[in-house]
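One structure below.
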Amino acid sequence: MSKREVRNLLVGLDIGTSKVVCVVGEVMPDGRIEVVGEGAAPSRGLKKGVVVNIDATVQSIRRAVENAEQMAGCRAQSVYVGVSGAHIKSFNSTGVVPVRNREVHERDVEAVIDAARAMAIPADQRILHVVPQEFVVDGQDGIHEPVGMSGVRLEAHVHMVTGSLSATQNLQKCVESCGLRVDKLILQHLASSYAVLMPDERDLGVCMVDIGGGTSDIAVFKGGSVRHTAVLPIAGDQVTNDISVAFRTPVPYAEEIKVRFGCALPEFAASDEMIEVKSVGEMPERLLSRHTLAEVIKPRYEELFRFIRKELHRSDFYDVIASGLVLTGGSAQMPGVRELAEAVFELPVRLGAPQNIQGLKDVVRNPAYSTAVGLLLYGAQDQPKLAVRGTDGGAGAGYLLGRISNWFKGNF
Ligand SMILES: Nc1ncnc2c1ncn2[C@@H]1O[C@H](COP(=O)(O)OP(=O)(O)OP(=O)(O)O)[C@@H](O)[C@H]1O
Ligand SMILES: [Mg+2]
(Lines give C-alpha, C1' and ligand atoms only; values in the text may rest on other atoms or scores of the structure.)
(Ligands and ions follow the chains in the order given, each with its own letter.)
Protein backbone atom coordinates (compact mmCIF):
# COMPACT_ATOMS: atom_id res chain seq x y z
CA MET A 1 0.00 0.00 0.00
CA SER A 2 1.41 3.39 -0.79
CA LYS A 3 0.79 6.46 1.32
CA ARG A 4 1.65 10.03 0.41
CA GLU A 5 2.81 12.19 3.25
CA VAL A 6 4.67 15.40 3.80
CA ARG A 7 7.87 15.22 5.81
CA ASN A 8 9.72 18.17 7.28
CA LEU A 9 12.89 17.81 5.32
CA LEU A 10 15.82 20.04 4.51
CA VAL A 11 18.65 19.43 2.08
CA GLY A 12 22.26 20.62 2.33
CA LEU A 13 24.46 20.57 -0.75
CA ASP A 14 28.20 21.07 -0.26
CA ILE A 15 29.82 21.55 -3.66
CA GLY A 16 33.49 21.19 -2.70
CA THR A 17 36.68 21.09 -4.75
CA SER A 18 37.22 17.39 -3.92
CA LYS A 19 33.70 16.07 -3.52
CA VAL A 20 30.04 17.02 -3.74
CA VAL A 21 28.00 15.93 -0.71
CA CYS A 22 24.23 16.03 -0.38
CA VAL A 23 22.62 15.37 3.00
CA VAL A 24 18.91 15.16 3.71
CA GLY A 25 17.78 16.00 7.23
CA GLU A 26 14.38 15.40 8.76
CA VAL A 27 13.28 17.92 11.37
CA MET A 28 11.82 15.93 14.25
CA PRO A 29 8.87 17.19 16.36
CA ASP A 30 11.25 18.22 19.17
CA GLY A 31 13.33 20.30 16.73
CA ARG A 32 16.26 17.88 16.48
CA ILE A 33 17.53 17.06 13.03
CA GLU A 34 17.98 13.49 11.91
CA VAL A 35 20.04 12.77 8.82
CA VAL A 36 17.96 10.38 6.71
CA GLY A 37 19.88 10.46 3.44
CA GLU A 38 23.42 11.06 2.25
CA GLY A 39 25.09 10.95 -1.12
CA ALA A 40 28.59 11.87 -2.26
CA ALA A 41 30.34 12.05 -5.62
CA PRO A 42 33.87 13.07 -6.63
CA SER A 43 33.97 16.69 -7.74
CA ARG A 44 35.57 17.35 -11.10
CA GLY A 45 34.43 20.82 -12.12
CA LEU A 46 35.85 23.11 -9.42
CA LYS A 47 39.17 24.77 -8.80
CA LYS A 48 39.93 26.33 -5.41
CA GLY A 49 36.24 26.32 -4.50
CA VAL A 50 35.03 27.96 -7.74
CA VAL A 51 33.14 26.33 -10.63
CA VAL A 52 35.37 26.14 -13.73
CA ASN A 53 33.45 23.44 -15.62
CA ILE A 54 29.66 23.60 -15.49
CA ASP A 55 28.93 20.21 -17.14
CA ALA A 56 31.29 18.31 -14.86
CA THR A 57 29.90 20.06 -11.78
CA VAL A 58 26.30 19.34 -12.82
CA GLN A 59 27.14 15.64 -13.21
CA SER A 60 28.70 15.46 -9.75
CA ILE A 61 25.72 17.26 -8.18
CA ARG A 62 23.28 14.92 -9.94
CA ARG A 63 25.04 11.83 -8.65
CA ALA A 64 25.30 13.08 -5.07
CA VAL A 65 21.67 14.25 -4.96
CA GLU A 66 20.32 11.06 -6.55
CA ASN A 67 22.15 8.90 -4.01
CA ALA A 68 20.84 10.98 -1.11
CA GLU A 69 17.30 10.94 -2.53
CA GLN A 70 17.38 7.17 -2.85
CA MET A 71 18.53 6.71 0.71
CA ALA A 72 15.96 9.15 2.10
CA GLY A 73 13.13 7.89 -0.12
CA CYS A 74 12.24 11.40 -1.30
CA ARG A 75 12.72 13.81 -4.15
CA ALA A 76 14.64 17.00 -3.48
CA GLN A 77 13.15 20.26 -4.68
CA SER A 78 15.24 22.95 -3.08
CA VAL A 79 18.61 22.98 -1.36
CA TYR A 80 20.87 25.06 0.87
CA VAL A 81 24.13 25.44 -1.03
CA GLY A 82 27.60 26.21 0.35
CA VAL A 83 29.79 28.82 -1.32
CA SER A 84 33.50 29.56 -0.95
CA GLY A 85 36.51 30.67 -3.03
CA ALA A 86 38.99 33.54 -3.24
CA HIS A 87 36.22 35.86 -4.53
CA ILE A 88 34.61 35.93 -1.08
CA LYS A 89 35.16 39.19 0.80
CA SER A 90 34.11 39.94 4.35
CA PHE A 91 34.13 42.97 6.62
CA ASN A 92 32.39 44.41 9.68
CA SER A 93 29.98 47.32 9.46
CA THR A 94 27.89 49.47 11.80
CA GLY A 95 24.47 51.13 11.45
CA VAL A 96 22.61 53.58 13.71
CA VAL A 97 18.91 54.57 13.76
CA PRO A 98 16.67 56.50 16.17
CA VAL A 99 14.17 54.29 18.02
CA ARG A 100 10.74 55.43 16.92
CA ASN A 101 8.52 54.86 19.98
CA ARG A 102 11.12 54.83 22.76
CA GLU A 103 10.90 51.03 22.74
CA VAL A 104 12.77 48.86 20.21
CA HIS A 105 10.43 47.08 17.80
CA GLU A 106 11.23 44.54 15.11
CA ARG A 107 10.95 47.26 12.46
CA ASP A 108 13.69 49.26 14.27
CA VAL A 109 15.94 46.18 14.17
CA GLU A 110 15.26 45.76 10.45
CA ALA A 111 15.97 49.46 9.89
CA VAL A 112 19.27 49.39 11.77
CA ILE A 113 20.45 46.26 9.92
CA ASP A 114 19.51 47.95 6.63
CA ALA A 115 21.54 50.98 7.73
CA ALA A 116 24.52 48.75 8.53
CA ARG A 117 24.36 46.97 5.15
CA ALA A 118 24.13 50.25 3.22
CA MET A 119 27.77 50.06 2.14
CA ALA A 120 29.24 50.70 -1.28
CA ILE A 121 29.69 47.20 -2.74
CA PRO A 122 31.61 46.82 -6.03
CA ALA A 123 29.26 46.22 -8.96
CA ASP A 124 30.67 42.72 -9.56
CA GLN A 125 29.94 41.60 -5.96
CA ARG A 126 26.70 40.62 -4.25
CA ILE A 127 25.87 40.47 -0.56
CA LEU A 128 25.65 36.90 0.75
CA HIS A 129 25.30 37.48 4.49
CA VAL A 130 24.64 40.29 6.91
CA VAL A 131 25.12 38.60 10.29
CA PRO A 132 24.25 40.70 13.36
CA GLN A 133 27.04 40.56 15.95
CA GLU A 134 25.56 42.73 18.66
CA PHE A 135 23.24 45.67 19.25
CA VAL A 136 23.85 48.78 21.31
CA VAL A 137 20.87 50.57 22.89
CA ASP A 138 21.65 54.07 24.22
CA GLY A 139 25.31 53.15 24.68
CA GLN A 140 24.62 49.79 26.39
CA ASP A 141 26.54 47.22 24.32
CA GLY A 142 26.56 43.41 24.20
CA ILE A 143 22.81 43.12 23.46
CA HIS A 144 21.75 40.16 21.30
CA GLU A 145 17.96 40.55 21.50
CA PRO A 146 17.08 44.27 21.55
CA VAL A 147 13.32 43.95 20.82
CA GLY A 148 11.30 45.29 23.78
CA MET A 149 14.14 47.32 25.27
CA SER A 150 13.60 51.00 26.08
CA GLY A 151 15.85 53.54 24.41
CA VAL A 152 16.14 56.26 21.78
CA ARG A 153 19.22 55.21 19.82
CA LEU A 154 19.80 51.76 18.32
CA GLU A 155 23.13 50.72 16.89
CA ALA A 156 23.94 47.41 15.13
CA HIS A 157 27.31 45.80 14.48
CA VAL A 158 27.18 43.28 11.64
CA HIS A 159 29.54 40.99 9.76
CA MET A 160 29.02 41.25 6.01
CA VAL A 161 30.05 38.67 3.45
CA THR A 162 30.04 39.35 -0.29
CA GLY A 163 30.85 37.12 -3.25
CA SER A 164 31.51 37.56 -6.95
CA LEU A 165 28.32 37.88 -8.95
CA SER A 166 29.56 35.63 -11.74
CA ALA A 167 31.02 32.91 -9.47
CA THR A 168 27.79 32.67 -7.45
CA GLN A 169 25.65 32.76 -10.61
CA ASN A 170 27.65 29.86 -12.05
CA LEU A 171 27.17 27.87 -8.86
CA GLN A 172 23.46 28.60 -8.89
CA LYS A 173 23.24 27.66 -12.57
CA CYS A 174 24.79 24.26 -11.86
CA VAL A 175 22.26 23.54 -9.10
CA GLU A 176 19.31 24.74 -11.19
CA SER A 177 20.44 22.61 -14.14
CA CYS A 178 19.76 19.63 -11.89
CA GLY A 179 16.13 20.72 -11.46
CA LEU A 180 16.72 22.09 -7.95
CA ARG A 181 15.98 25.50 -6.50
CA VAL A 182 18.48 27.26 -4.27
CA ASP A 183 16.99 28.10 -0.87
CA LYS A 184 20.05 30.16 -0.02
CA LEU A 185 23.75 30.38 -0.75
CA ILE A 186 25.63 30.05 2.53
CA LEU A 187 29.27 30.70 3.23
CA GLN A 188 30.79 27.22 3.65
CA HIS A 189 32.74 28.00 6.81
CA LEU A 190 29.77 29.68 8.43
CA ALA A 191 27.86 26.45 7.75
CA SER A 192 30.71 24.25 9.10
CA SER A 193 30.81 26.32 12.28
CA TYR A 194 27.18 25.40 12.98
CA ALA A 195 28.16 21.74 12.86
CA VAL A 196 31.41 21.69 14.85
CA LEU A 197 31.60 24.56 17.34
CA MET A 198 30.32 24.45 20.91
CA PRO A 199 28.40 27.48 22.28
CA ASP A 200 31.06 28.14 24.96
CA GLU A 201 33.80 28.23 22.31
CA ARG A 202 31.83 30.81 20.31
CA ASP A 203 31.44 32.88 23.47
CA LEU A 204 35.00 32.74 24.72
CA GLY A 205 36.60 33.19 21.29
CA VAL A 206 37.62 30.55 18.76
CA CYS A 207 39.01 30.23 15.25
CA MET A 208 37.54 27.42 13.15
CA VAL A 209 39.57 26.29 10.15
CA ASP A 210 37.93 24.07 7.50
CA ILE A 211 40.87 22.57 5.58
CA GLY A 212 39.40 21.15 2.40
CA GLY A 213 40.91 20.15 -0.93
CA GLY A 214 41.09 23.52 -2.68
CA THR A 215 40.75 26.12 0.08
CA SER A 216 41.15 26.52 3.81
CA ASP A 217 38.32 28.61 5.18
CA ILE A 218 38.59 30.37 8.52
CA ALA A 219 35.92 31.85 10.78
CA VAL A 220 36.57 33.67 14.07
CA PHE A 221 33.87 33.83 16.76
CA LYS A 222 33.72 35.83 19.97
CA GLY A 223 30.86 36.77 22.25
CA GLY A 224 28.67 34.23 20.44
CA SER A 225 28.95 35.94 17.03
CA VAL A 226 31.09 35.70 13.94
CA ARG A 227 33.77 38.44 13.86
CA HIS A 228 35.97 37.57 10.94
CA THR A 229 35.97 35.21 7.95
CA ALA A 230 38.62 34.53 5.31
CA VAL A 231 39.37 32.07 2.50
CA LEU A 232 42.98 30.94 1.99
CA PRO A 233 44.09 29.18 -1.19
CA ILE A 234 46.24 26.49 0.51
CA ALA A 235 44.72 23.08 1.30
CA GLY A 236 44.93 19.32 0.76
CA ASP A 237 45.39 19.45 -3.04
CA GLN A 238 48.73 21.24 -2.59
CA VAL A 239 49.91 18.56 -0.18
CA THR A 240 49.02 15.93 -2.78
CA ASN A 241 50.84 17.90 -5.48
CA ASP A 242 53.94 18.21 -3.29
CA ILE A 243 53.99 14.42 -2.83
CA SER A 244 53.44 13.91 -6.56
CA VAL A 245 56.37 16.18 -7.47
CA ALA A 246 58.73 15.06 -4.68
CA PHE A 247 58.34 11.35 -5.46
CA ARG A 248 57.66 11.72 -9.19
CA THR A 249 54.43 9.76 -8.90
CA PRO A 250 51.07 10.42 -10.65
CA VAL A 251 48.64 12.62 -8.69
CA PRO A 252 46.05 9.85 -8.01
CA TYR A 253 48.77 7.66 -6.40
CA ALA A 254 50.11 10.64 -4.47
CA GLU A 255 46.57 11.16 -3.12
CA GLU A 256 46.30 7.48 -2.20
CA ILE A 257 49.57 7.34 -0.27
CA LYS A 258 48.82 10.65 1.40
CA VAL A 259 45.50 9.41 2.77
CA ARG A 260 46.74 5.89 3.64
CA PHE A 261 50.20 6.59 5.04
CA GLY A 262 50.50 10.37 5.43
CA CYS A 263 51.47 12.10 8.66
CA ALA A 264 52.11 15.78 9.34
CA LEU A 265 54.84 15.18 11.93
CA PRO A 266 57.90 13.13 10.86
CA GLU A 267 58.58 12.17 14.50
CA PHE A 268 55.24 10.28 14.50
CA ALA A 269 56.28 8.17 11.48
CA ALA A 270 58.66 5.22 11.67
CA SER A 271 61.65 5.49 9.33
CA ASP A 272 61.74 1.70 8.82
CA GLU A 273 58.11 1.49 7.65
CA MET A 274 58.38 1.33 3.87
CA ILE A 275 55.76 2.22 1.23
CA GLU A 276 55.74 1.18 -2.43
CA VAL A 277 55.47 4.17 -4.74
CA LYS A 278 54.46 3.94 -8.40
CA SER A 279 56.61 5.95 -10.78
CA VAL A 280 55.53 7.94 -13.81
CA GLY A 281 56.02 6.47 -17.28
CA GLU A 282 57.68 3.07 -17.50
CA MET A 283 59.94 3.55 -14.50
CA PRO A 284 59.91 0.74 -11.90
CA GLU A 285 58.20 1.10 -8.49
CA ARG A 286 60.33 2.41 -5.63
CA LEU A 287 60.29 2.12 -1.85
CA LEU A 288 60.17 5.10 0.46
CA SER A 289 59.77 5.40 4.20
CA ARG A 290 56.73 6.90 5.96
CA HIS A 291 59.18 9.22 7.66
CA THR A 292 60.30 10.67 4.30
CA LEU A 293 56.65 11.05 3.25
CA ALA A 294 55.94 13.00 6.46
CA GLU A 295 58.92 15.25 5.73
CA VAL A 296 57.23 16.25 2.46
CA ILE A 297 53.80 16.73 4.05
CA LYS A 298 54.82 18.77 7.09
CA PRO A 299 56.11 21.97 5.38
CA ARG A 300 52.84 22.57 3.49
CA TYR A 301 50.66 22.24 6.61
CA GLU A 302 53.16 24.38 8.48
CA GLU A 303 52.99 27.02 5.74
CA LEU A 304 49.18 26.97 5.97
CA PHE A 305 49.20 27.41 9.75
CA ARG A 306 51.76 30.23 9.56
CA PHE A 307 49.60 31.87 6.90
CA ILE A 308 46.52 31.61 9.17
CA ARG A 309 48.52 32.94 12.13
CA LYS A 310 49.59 35.91 10.03
CA GLU A 311 46.01 36.49 8.90
CA LEU A 312 44.82 36.44 12.54
CA HIS A 313 47.50 38.94 13.52
CA ARG A 314 46.79 41.14 10.48
CA SER A 315 43.08 41.28 11.26
CA ASP A 316 43.76 41.78 15.00
CA PHE A 317 41.92 38.64 16.04
CA TYR A 318 44.81 36.56 17.37
CA ASP A 319 44.29 37.74 20.94
CA VAL A 320 40.54 37.16 20.71
CA ILE A 321 40.63 33.36 20.32
CA ALA A 322 41.07 32.41 23.97
CA SER A 323 39.69 28.90 23.52
CA GLY A 324 42.06 28.19 20.64
CA LEU A 325 41.37 26.62 17.27
CA VAL A 326 39.07 23.93 15.91
CA LEU A 327 40.24 22.17 12.75
CA THR A 328 37.76 20.46 10.46
CA GLY A 329 37.44 19.51 6.76
CA GLY A 330 38.88 16.42 5.04
CA SER A 331 42.50 17.52 5.36
CA ALA A 332 42.19 17.95 9.15
CA GLN A 333 42.12 14.14 9.37
CA MET A 334 45.85 13.84 8.68
CA PRO A 335 47.57 12.34 11.76
CA GLY A 336 49.81 14.85 13.53
CA VAL A 337 47.96 17.92 12.22
CA ARG A 338 46.55 18.88 15.60
CA GLU A 339 49.94 18.66 17.30
CA LEU A 340 51.61 20.63 14.49
CA ALA A 341 48.95 23.34 14.72
CA GLU A 342 49.38 23.57 18.51
CA ALA A 343 53.12 24.11 18.01
CA VAL A 344 52.58 26.89 15.44
CA PHE A 345 49.72 28.73 17.20
CA GLU A 346 50.84 28.08 20.79
CA LEU A 347 47.15 27.64 21.58
CA PRO A 348 44.93 24.61 22.26
CA VAL A 349 43.72 22.92 19.07
CA ARG A 350 41.03 20.26 18.68
CA LEU A 351 39.61 18.37 15.74
CA GLY A 352 35.95 19.10 14.97
CA ALA A 353 33.47 16.65 13.46
CA PRO A 354 29.74 17.33 13.04
CA GLN A 355 27.69 17.08 16.22
CA ASN A 356 24.12 17.96 17.31
CA ILE A 357 22.86 15.61 14.66
CA GLN A 358 21.10 12.26 14.80
CA GLY A 359 20.60 9.51 12.25
CA LEU A 360 23.39 8.36 9.99
CA LYS A 361 25.97 9.27 12.60
CA ASP A 362 28.69 6.99 11.30
CA VAL A 363 28.49 8.56 7.86
CA VAL A 364 28.22 12.19 8.83
CA ARG A 365 30.48 12.18 11.90
CA ASN A 366 33.35 12.93 9.59
CA PRO A 367 35.19 16.28 9.38
CA ALA A 368 34.75 16.24 5.59
CA TYR A 369 30.95 16.41 6.17
CA SER A 370 31.02 19.48 8.45
CA THR A 371 29.87 21.89 5.73
CA ALA A 372 27.04 19.66 4.49
CA VAL A 373 25.71 18.98 8.00
CA GLY A 374 26.16 22.65 8.91
CA LEU A 375 24.03 23.62 5.91
CA LEU A 376 21.18 21.54 7.39
CA LEU A 377 21.58 23.13 10.82
CA TYR A 378 21.72 26.58 9.24
CA GLY A 379 18.64 25.77 7.16
CA ALA A 380 16.70 24.69 10.25
CA GLN A 381 17.45 28.07 11.87
CA ASP A 382 16.67 29.87 8.66
CA GLN A 383 13.20 28.31 8.64
CA PRO A 384 12.51 28.28 12.40
CA LYS A 385 8.81 27.68 11.96
CA LEU A 386 9.68 24.47 10.22
CA ALA A 387 11.29 23.06 13.34
CA VAL A 388 8.63 24.27 15.74
CA ARG A 389 5.44 23.76 13.77
CA GLY A 390 6.40 20.89 11.58
CA THR A 391 4.00 18.25 12.76
CA ASP A 392 1.29 19.88 14.81
CA GLY A 393 -2.14 19.34 13.35
CA GLY A 394 -4.04 22.55 12.47
CA ALA A 395 -1.67 25.48 12.08
CA GLY A 396 1.20 23.18 11.23
CA ALA A 397 -0.68 21.58 8.38
CA GLY A 398 -1.55 24.99 6.91
CA TYR A 399 2.01 26.10 7.29
CA LEU A 400 3.21 22.90 5.68
CA LEU A 401 1.02 23.51 2.66
CA GLY A 402 2.33 27.04 2.43
CA ARG A 403 5.94 25.93 2.47
CA ILE A 404 5.51 22.74 0.56
CA SER A 405 7.38 23.93 -2.50
CA ASN A 406 10.46 24.43 -0.38
CA TRP A 407 10.56 20.90 0.86
CA PHE A 408 10.20 17.39 -0.40
CA LYS A 409 7.16 15.37 -1.06
CA GLY A 410 7.76 11.92 0.36
CA ASN A 411 6.30 9.05 -1.62
CA PHE A 412 5.79 5.79 0.21
N1 LIG B 1 42.38 10.61 5.97
C2 LIG B 1 42.84 11.72 5.39
N3 LIG B 1 44.06 12.20 5.71
C4 LIG B 1 44.52 13.31 5.12
N5 LIG B 1 43.89 14.01 4.16
C6 LIG B 1 42.67 13.55 3.80
C7 LIG B 1 42.09 12.40 4.38
N8 LIG B 1 40.87 12.20 3.82
C9 LIG B 1 40.71 13.20 2.91
N10 LIG B 1 41.80 14.00 2.90
C11 LIG B 1 42.02 15.18 2.06
O12 LIG B 1 40.97 16.08 2.29
C13 LIG B 1 40.78 16.89 1.12
C14 LIG B 1 39.32 16.97 0.81
O15 LIG B 1 38.70 17.56 1.91
P16 LIG B 1 37.18 18.00 1.83
O17 LIG B 1 36.36 16.84 1.45
O18 LIG B 1 36.85 18.71 3.10
O19 LIG B 1 37.30 19.03 0.61
P20 LIG B 1 36.17 19.80 -0.22
O21 LIG B 1 35.12 20.24 0.72
O22 LIG B 1 35.73 18.95 -1.37
O23 LIG B 1 37.03 20.99 -0.79
P24 LIG B 1 36.95 22.58 -0.53
O25 LIG B 1 36.24 22.78 0.76
O26 LIG B 1 38.38 23.01 -0.47
O27 LIG B 1 36.24 23.13 -1.71
C28 LIG B 1 41.57 16.22 -0.02
O29 LIG B 1 42.72 16.98 -0.27
C30 LIG B 1 41.94 14.86 0.59
O31 LIG B 1 43.20 14.43 0.13
MG1 LIG C 1 34.77 21.92 1.89
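All residue numbers in this chain count up from 1 along the given sequence.
For Arg248, the CZ atom is loosely surrounded, since the number of other residues' heavy atoms within 6.0 Å does not exceed 12. More than 12 heavy atoms of other residues, nucleotides or ligands lie within 6.0 Å of CD in Glu267, so this atom counts as buried by the packing criterion. Annotation for Arg350: atom CZ counts as buried by contact number, over 12 foreign heavy atoms lying within 6.0 Å.
No donor-acceptor pair under 3.5 Å is formed between the side chain of Lys184 and the backbone N or O of Asp382. Counting only distance, with no hydrogens or angles, the side chain of Ser244 and the backbone of Thr249 share a donor-acceptor pair below 3.5 Å. The main-chain N or O of Leu288 is never found under 3.5 Å from a side-chain atom of His291 such that the two would form a donor-acceptor pair. With hydrogens and angles ignored, the 3.5 Å screen pairs a side-chain donor or acceptor of Gln133 with a backbone N or O of Val226. For Ser331 (side chain) and Gly212 (main-chain N/O), a donor-acceptor pair under 3.5 Å exists by modelled atom type. Ser93 contributes a side-chain N or O that, together with a main-chain N or O of Ala116, makes up a donor-acceptor pair within less than 3.5 Å. Remark: side-chain polar atoms of Glu145 are paired, donor with acceptor, to backbone N or O of Val147 under 3.5 angstrom. Side-chain atoms of Glu339 do not come within 3.5 Å of backbone N or O of Ala264 as any donor-acceptor pair. The backbone N or O of Ala76 lies less than 3.5 Å from a partner atom in the side chain of Glu69, making a donor-acceptor pair. Gln59 places no side-chain N or O within 3.5 Å of a backbone atom of Ala56 that could act as its donor or acceptor partner.
Taking a cutoff of 4.0 Å between a charged side-chain nitrogen and a carboxylate oxygen, Glu346 and Arg309 qualify as a salt bridge. Electrostatic pairing of Lys278 and Glu256 does not count as a salt bridge here, judged by no charged N lying under 4.0 Å from a carboxylate O. Of the charged side-chain nitrogens involved, at least one lies within less than 4.0 Å of a carboxylate oxygen, so that Arg300 and Glu303 count as a salt-bridged pair. Salt bridge Glu176/Lys173: absent, no basic N to carboxylate O contact under 4.0 Å.
Atom-to-atom distance recorded for Ser90:OG and Leu190:CG is 10.0 Å, nearest 0.5 angstrom. In this structure, CG on Leu327 lies 9.5 Å from OH on Tyr301, to the nearest 0.5 angstrom. With values rounded to the nearest 0.5 angstrom, Arg153 atom CZ is found 13.5 Å from Gln140 atom CD. Taking CG from Asp55 and CZ from Arg44, the interatomic distance works out to 14.5 Å, rounded to the nearest 0.5 Å. To the nearest 0.5 Å, atom CD1 of residue Ile54 and atom CG of residue Asn170 are 4.5 Å apart. Taking CD1 of Ile218 as the start and NE2 of His228 as the end, the distance is 5.0 Å to the nearest 0.5 Å.
Side-chain contact between Tyr253 and Val277 is absent, with no heavy-atom pair separated by less than 4.5 Å. Within the 4.5 Å cutoff, the side chain of Val109 has heavy atoms near those of the Val104 side chain. No side-chain heavy atom of Met160 sits less than 4.5 Å from a side-chain heavy atom of Lys89. Put simply, the side chain of Ile321 does not reach to within 4.5 Å of the side chain of Phe345, judged on heavy atoms. Between Asp217 and Ser192 the shortest side-chain heavy-atom distance does not fall below 4.5 Å. Contact check for Cys22 versus Val11: side-chain heavy atoms found under the 4.5 Å cut-off. Ser150 is not listed as a side-chain neighbour of Asp138, based on a closest heavy-atom distance of 4.5 Å or more. Here the side chains of Ser225 and Glu134 are not in contact, with every heavy-atom distance at 4.5 Å or above.
Side-chain polar atoms of Thr229 and His189 form no donor-acceptor pair below 3.5 angstrom.
In summary, of the residues considered (Asp14, Ile88, Val231), a side chain to side chain contact (heavy atoms under 4.5 Å, CB included) with Gln188 occurs for Asp14 alone. For the side chain to side chain contact (heavy atoms under 4.5 Å, CB included) with Gln358, the lone residue among Glu26, Met28, Glu34 that qualifies is Glu34.
Closest approach of Gly39 and Asn67 over heavy atoms only: CA-CB, 3.7 Å. Closest of all the heavy-atom pairs between Pro132 and Ile113 is CG-CD1, 3.8 Å. Summarising the geometry of Ser60 relative to Ser43, their closest heavy-atom pair is OG-CA, 3.8 Å, with the distance given to 0.1 Å. Thr17 approaches Gly49 most closely through the heavy-atom pair OG1-N, 3.0 Å. Listed here is the closest heavy atom pair of His87 and Gln125: O-NE2, 3.5 Å. Across every non-hydrogen atom of Leu376 and Ile33, the tightest pair is O-CD1, 3.9 Å.
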**Request:** Could you walk me through whether Val344 and Arg306 pass the side-chain contact (heavy atoms from CB on, under 4.5 Å) test, one step at a time?
**Result:** CA-CA 7 Å; Val344 173; Arg306 289 195 192 288; 4.2 Å; yes

**Request:** Might you work through the side-chain contact (heavy atoms from CB on, under 4.5 Å) test for Leu293 and Phe247, ending with a clear yes or no?
**Result:** CA-CA 9 Å; Leu293 177 63; Phe247 302 122; 3.8 Å; yes

**Request:** May I have the step-by-step check of salt bridge (Lys or Arg N to Asp or Glu O under 4.0 Å) for Glu66 and Arg63, ending in yes or no?
**Result:** CA-CA 5 Å; Glu66 277 168 16; Arg63 278 184 53 197; over 6 Å; no

**Item:** Audit row: Cys174, Ile61, side-chain contact (heavy atoms from CB on, under 4.5 Å) steps and yes/no
**Value:** CA-CA 8 Å; Cys174 291; Ile61 297 174; 3.8 Å; yes

**Request:** Step by step, work out the side-chain contact (heavy atoms from CB on, under 4.5 Å) result for Met198 and Gln355.
**Result:** CA-CA 9 Å; Met198 314 264 191; Gln355 49 195 354; 3.6 Å; yes

**Item:** Asp210/Ser370 under side-chain hydrogen bond (donor to acceptor under 3.5 Å, both in side chains): CA gap, chis, key distance, verdict
**Value:** CA-CA 8 Å; Asp210 184 326; Ser370 298; 5.5 Å; no

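Judged as a ring pair (Phe, Tyr, Trp, His ring centres under 6.0 Å), and not counting sequence neighbours, Phe307 has no contacts. Under the ring pair (Phe, Tyr, Trp, His ring centres under 6.0 Å) criterion, His313 pairs with Tyr318, sequence neighbours left out.
In this structure, Arg202 forms a cation-pi arrangement with Phe221, its terminal cationic atom sitting closer than 6.0 Å to the ring centre and no more than 45° off the ring axis.
By the 30° and 60° cut-offs, the orientation of the rings of His129 relative to Tyr378 is perpendicular.
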